[in-house]
Novice: 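Quick one: the structure is below, questions incoming.
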Amino acid sequence: MSFNTPIVKKIFSIVLLAVCMSCNSQQEKEVRFDTQTMNLKGNIKHITEKTGDHTWDFEFEDNKLLLVKSYFLGASYDMQYRLEYLKGKILQIHSKSSVVSPEIFSTNFAMRLPLYGFHNVQKLVRNQQGDVVRVFYKNQTPNEYTLKYTYDKFNNWTTRELYMQPGDYLKERTERTILYDRKVEHNEIGSWNSRLDSVFTAAQRRNEFIAISINNSIEKDYPKLNQINSYLNKNFEAVQAAEAYVNKLIVQFDSTYGKENLSKELQLLKDKMVILQSIAMKENFLWSEARVYIPMLISGEVSVKDVQEPYQSRTLITASLERISTIRLWEEQYRNK
């Protein structure tokens, strides 16, 4: 039979069309990781899920999954993925310094689910919210599990408990914190700035006295040493309270706005907060150290040395002067924000 006959041409055209349609179907199949595929409702900014010592963090942008972190309490290793998009579709998935396939990511991503992502199950039963409430296995003991949830006003679960049948034995409990994306009002930004500037001004005032008082000539200036010692004891609680307050503000900020993908105004606030945290921490070191060696100098000791490796050759006054210099550098960075 000749390949030029009409019937052969017609058969060839049909086969070619079928192949093309199959190729197009495969090309159009899109791998998605977003709020919809995760059965989440509303505009989500960030989610934290904790099951025992295991924590998962999910960051979203326009309801698309942007960042995934998984880590165990006290462990030095963490699993981290960042999803890169092009025109709304996944371009690459980065795992720290390498690129992974969507298939590998999907497998690891499923580990956040109970029973290792419901692998090899015989039957799943879902509730009205779309969450799995019963899991059935074949030829396995136990062969049935039950999940119970509590929900927020958006019908997203906030606690999930996994029970083994029979007997309803609690196997695991997961707590979920959801941060919803919302518009940040101008007065919110102003309120945060006021709180940060208040802490900064107070710290700057405290450290100004220390900066002009501590120098290499005070070792035998007993009136000055007693003045410094009195000032340290009087204001040390304020120094400790300032560091604790800044740390509390950072936790509050992260839980309110998230840690990633911040707006320009929020990122500026976060930058100021990080600088202020460094100032508060260094200030606490400076004052704690000074409260140790200033009384020693008052008692007649000279050239009190640092005991911390590898700085045993320097005096604690020199260490204080270095801390003061660092604090002033950070103060300048804060003022320039």
Side-chain angles (χ1 to χ4, degrees), residues 29-61 63-75 77-83 90 93-96 100-152 154-180 258 260:
K29 186 177 181 181
E30 180 185 352
V31 179
R32 292 170 50 209
F33 300 98
D34 52 26
T35 54
Q36 184 177 355
T37 58
M38 293 176 66
N39 192 34
L40 294 165
K41 300 89 177 175
N43 294 320
I44 308 293
K45 170 72 175 172
H46 182 90
I47 289 180
T48 298
E49 293 181 3
K50 292 185 177 181
T51 306
D53 292 337
H54 195 183
T55 298
W56 290 84
D57 279 318
F58 311 102
E59 193 76 25
F60 297 86
E61 182 180 19
N63 283 334
K64 291 184 176 63
L65 187 61
L66 189 68
L67 182 69
V68 178
K69 292 181 180 179
S70 171
Y71 50 93
F72 287 89
L73 181 66
Y77 173 79
D78 67 329
M79 185 168 60
Q80 181 171 321
Y81 296 97
R82 183 176 293 275
L83 286 73
I90 294 177
I93 301 176
H94 302 269
S95 176
K96 296 186 177 179
V100 300
S101 68
E103 291 75 20
I104 292 177
F105 174 73
S106 295
T107 300
N108 292 335
F109 192 52
M111 291 174 63
R112 78 193 192 281
L113 299 171
L115 309 174
Y116 302 100
F118 307 123
H119 288 314
N120 304 319
V121 299
Q122 183 182 21
K123 181 182 178 182
L124 293 177
V125 179
R126 298 181 183 272
N127 60 14
Q128 290 182 343
Q129 288 80 12
D131 295 309
V132 175
V133 292
R134 298 185 74 183
V135 182
F136 295 92
Y137 287 89
K138 186 177 182 180
N139 300 325
Q140 179 175 317
T141 303
N143 64 355
E144 182 181 346
Y145 292 83
T146 302
L147 294 102
K148 299 179 182 180
Y149 304 87
T150 58
Y151 290 89
D152 64 11
F154 294 98
N155 279 330
N156 292 315
W157 65 263
T158 53
T159 63
R160 179 185 65 204
E161 294 179 337
L162 175 66
Y163 293 89
M164 297 171 55
Q165 298 287 351
D168 281 345
Y169 169 74
L170 179 61
K171 181 176 175 62
E172 68 176 36
R173 174 183 170 87
T174 301
E175 297 182 353
R176 176 195 267 178
T177 302
I178 304 175
L179 174 62
Y180 291 92
E260 301 279 342

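Just the heavy atoms: all of them, side chains too, but no hydrogens, waters or symmetry mates, feed the values below. Counting begins at 1 with the first residue of the sequence. No experiment lies behind these values; they were computed from the predicted model shown.
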Novice: Are Asn43 and Tyr180 close enough that some pair of their side-chain heavy atoms sits under 4.5 Å apart?
Specialist: no
Novice: I'd like to know whether OH of Tyr169 has more than 12 heavy-atom contacts from other residues, nucleotides or ligands below 6.0 angstrom.
Specialist: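 Check fails, neighbour count at 12 or below.
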Novice: If I take atom OG1 from residue Thr159 and atom CZ from residue Arg173, how far apart are they, to the nearest 0.5 angstrom?
Specialist: 5.0 Å
Novice: Does a side chain donor of either Thr150 or Thr158 reach within less than 3.5 Å of an acceptor in the other side chain?
Specialist: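 Yes, because at least one side-chain N or O of Thr150 sits under 3.5 Å from a partner of the opposite role on Thr158.
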Novice: Heavy-atom distance under 4.5 Å between the side chains of Phe154 and Ile178, does that happen here?
Specialist: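 The answer is no; the side chains never approach within 4.5 Å.
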Novice: Tyr149 side chain to Val132 main-chain N or O, any donor-acceptor pair under 3.5 Å?
Specialist: yes
Novice: Do the non-hydrogen side-chain atoms of Leu83 and Lys64 ever get within less than 4.5 Å of each other?
Specialist: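 Of all side-chain heavy-atom pairs linking Lys64 with Leu83, none is under 4.5 Å.
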Novice: Under 4.5 Å between any side-chain heavy atoms of Phe109 and Leu65, yes or no?
Specialist: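 Phe109 reaches Leu65 side chain to side chain.
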Novice: Which heavy-atom pair separates Tyr145 from Leu162 by the least distance, and what is that distance?
Specialist: CB-CD1, 3.9 Å
Novice: In Å and rounded to the nearest 0.5 Å, what is the CZ to CD1 distance from Arg112 to Ile47?
Specialist: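 The CD1 atom of Ile47 is 9.0 Å from CZ of Arg112, to the nearest 0.5 Å.
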Novice: Contact between Lys171 and Pro114 at the side-chain level, heavy atoms closer than 4.5 Å - yes or no?
Specialist: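 In short, these two side chains do not touch, never coming nearer than 4.5 Å.
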Novice: Considering non-hydrogen atoms only, spot the tightest contact between Leu179 and Gly258 and give its length.
Specialist: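 The pair with the smallest heavy-atom distance is CD2-N, 3.1 Å.
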Novice: For residues Asn63 and Glu61, determine if any side-chain heavy atom of one lies less than 4.5 Å from a side-chain heavy atom of the other.
Specialist: no
Novice: Distance check, rounded to the nearest 0.5 Å: Arg176 atom CZ versus Asp152 atom CG?
Specialist: 8.5 Å
Novice: Are Phe33 and Ser106 side-chain neighbours, meaning at least one heavy-atom pair lies under 4.5 Å?
Specialist: yes
Novice: Work out which heavy atom in Ile93 is nearest to a heavy atom in Ile90; give both atom names and the distance.
Specialist: CG1-CG2, 4.0 Å
Novice: Over all heavy atoms of both residues, which pair between Lys41 and Gln129 is shortest? Give the atoms and the distance, please.
Specialist: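 So the two residues come closest at NZ-O, 2.9 Å.
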Novice: Please determine whether the number of non-hydrogen atoms from other residues, nucleotides or ligands lying under 6.0 Å from atom NZ of Lys96 exceeds 12.
Specialist: yes
Novice: Is it the case that the side chain of Thr51 and the backbone of His54 share a donor-acceptor pair, with hydrogens and angles ignored and the cut-off at 3.5 Å?
Specialist: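 No; zero donor-acceptor contacts below 3.5 Å.
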Novice: Return the CD to CD distance between Glu144 and Gln122, rounded to the nearest 0.5 Å.
Specialist: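 Going from CD on Glu144 over to CD on Gln122, the span is 11.0 Å.
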Novice: Might you work through the side chain to side chain contact (heavy atoms under 4.5 Å, CB included) test for Leu115 and Val121, ending with a clear yes or no?
Specialist: CA-CA 10 Å; Leu115 309 174; Val121 299; 5.9 Å; no
Novice: Check the orientation of Trp56 and Phe58. Use parallel for under 30°, tilted for 30 to 60°, and perpendicular for over 60°.
Specialist: parallel
Novice: If I take atom CG from residue Leu66 and atom CZ from residue Phe60, how far apart are they, to the nearest 0.5 angstrom?
Specialist: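 Nearest 0.5 Å value for the CG-CZ distance: 9.5 Å.
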Novice: How about Thr55 and Leu73: do any of their side-chain heavy atoms sit closer than 4.5 Å?
Specialist: no
Novice: To the nearest 0.5 Å, tell me how far Leu147 CG sits from Glu172 CD.
Specialist: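 The CG atom of Leu147 sits 8.0 Å away from the CD atom of Glu172.
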Novice: Check Val100 against Tyr81 and note the closest heavy-atom contact, atom names and distance.
Specialist: CG2-CE2, 3.9 Å
Novice: Per the side chain to side chain contact (heavy atoms under 4.5 Å, CB included) rule, which among Thr146, Val125, Leu124 passes with Val133?
Specialist: Val125
Novice: Looking only at non-hydrogen atoms, find the nearest pair between Trp157 and Glu49 and report the distance.
Specialist: CZ2-OE2, 3.8 Å
Novice: Among Lys69, Lys50, His46, Gln80, whose side chain to side chain donor-acceptor pair (under 3.5 Å) with Asp57 holds?
Specialist: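 Among Lys69, Lys50, His46, Gln80, the one that satisfies the side chain to side chain donor-acceptor pair (under 3.5 Å) with Asp57 is His46.
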